[in-house]
2 protein chains.
Amino acid sequence: MVRTTRQRTAVAAVFDDLEGFHSAQEVHAKLRASGDSVGLSTVYRAVQALADDGELDSIRTDSGEALYRRCSTQHHHHLVCRGCGRTVEVAGPAVENWADRVAAEHCFADVSHTLEIFGTCAACRAAG
Amino acid sequence: MVRTTRQRTAVAAVFDDLEGFHSAQEVHAKLRASGDSVGLSTVYRAVQALADDGELDSIRTDSGEALYRRCSTQHHHHLVCRGCGRTVEVAGPAVENWADRVAAEHCFADVSHTLEIFGTCAACRAAG
DNA sequence: CCTGCATGTGAGAACCATTGTCAACAGGAG
DNA sequence: CTCCTGTTGACAATGGTTCTCACATGCAGG
């Protein structure tokens with residue numbers, strides 16, 4: 001039996017207010033900051049439970065940190081500047097289709113993907 | 001100046017004998033087992049150095065462990081199975097072009113990108 | 001309303017891959 | 001050969017994640 005507790009509701013609520021991927025640590029800090037404190041262990045459990053239920057999507061960063069995101073949010077990618085960290089959200093239906101097709105060709109199902117583009121923006125190039 | 005040491009040679013040699021992805025810990029254990037012992041820190045450093053030189057390709061498992069493998073130096077992406085970690089290398093000129101174009105539209109230069117596709121392979125689906 | 005109790009919580013410890021530290025070591029240029 | 005400097009490795013430290021266990025709390029079924 002799965003219970004509806006203050007803590008789980010709070011964790012789920014965080015992802016309602018947020019775009020994109022966020023770590024369990026981040027969620028924990030956010031809850032603590034908003035006075036609606038929840039134990040770190042509980043955040044991890046809640047987040048994993050949500051991911052198991054298919055409510056959250058999870059990936060790993062290059063440093064091995066786990067990130068979660070509400071699945072239903074509009075899918076997009078990031079164009080990040082190496083110099084100033086400025087980020088532009090970009091959508092690419094072509095890429096989505098390509099990824100799905102490639103996965104299908106290899107008989108993979110439940111396909112998701114991560115994509116980030118890095119570059120140097122005009123301002124940072126001008127600044128040298 | 002980069003030196004050629006017994007340890008680095010040993011680590012590189014491990015990947016000559018092995019197919020697929022392997023963790024630093026695994027390489028360390030293998031070297032220790034073969035009597036050709038190398039310190040754990042050194043294995044990590046060697047493996048990262050090889051990855052930096054483009055001699056090894058690296059990914060992360062779902063559990064956050066880093067895996068390395070000798071790879072073709074050609075640019076490609078990975079299609080990774082969530083269940084068994086099986087990896088397929090895929091090339092996608094369309095994606096490369098798209099990424100470059102999107103970056104150009106936003107006046108970004110020196111463009112690079114990362115892309116990984118996740119899914120569940122046929123075998124893992126059958127296994128439940 | 002209660003009460004029982006299985007389930008959930010949370011502070012802290014444990015875990016474990018990875019990274020940092022630093023004294024000792026060893027390529028290799030001269 | 002010698003010296004300089006990059007490299008090594010035992011060990012400690014780090015940091016995200018998971019485990020532990022005493023305590024709290026949803027939620028039926030009375």
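By convention in this document, chain letters (A, B, ...) are assigned in the order of the sequence lines, proteins followed by strands, and residues within each chain are numbered from 1.
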List the protein contact pattern of nucleotides 23-30 of chain D with one symbol per nucleotide (5' to 3'): B for base contact, S for sugar-phosphate-only contact, - for none; contact means a heavy-atom distance under 4.0 Å. --BBSS--
In Asp57(A), Leu18(A), Leu56(A), the residue satisfying side-chain contact (heavy atoms from CB on, under 4.5 Å) with Arg69(A) is Asp57(A)
Under the criterion side-chain contact (heavy atoms from CB on, under 4.5 Å), which of Arg32(A), Arg45(A), His28(A) is the partner of Leu40(A)? His28(A)
From the options dG8(C), dT17(D), dG10(C), select the nucleotide whose nearest atom is closest to the side chain of Arg8(A). dG8(C)
Are Leu115(B) and Val102(B) connected, step by step, through hydrophobic side chains (Ile, Leu, Val, Met, Phe, Trp, Tyr) whose heavy atoms are closer than 4.5 Å? yes
Axis-to-axis angle across the helix from dC1(C)-dG30(D) to dG30(C)-dC1(D), five pairs each end, nearest 10 degrees, ~ 40°
Name the nucleic acid region contacted by Gln25(B), choosing base, sugar-phosphate or nothing; use a 4.0 angstrom heavy-atom cut-off, strictly under. base
Contact class for Glu26(A) vs. all strands (heavy atom < 4.0 Å): base, sugar-phosphate, or nothing? nothing
Record whether the side chain of Ser41(B) comes under 3.5 Å of the base of dG20(C) through a donor-acceptor pair of N or O atoms. yes
Among dT18(C), dT18(D), dG9(D), which nucleotide has an atom closest to any side-chain atom of Arg45(B)? dG9(D)
So which nucleotide from dG9(D), dT18(C), dG16(D) ends up closest to the side chain of Glu65(B)? dT18(C)
Measuring from the side chain of Tyr44(A) (C-beta onward, heavy atoms only), which nucleotide among dT8(D), dT18(C), dT17(D) has the closest atom? dT17(D)
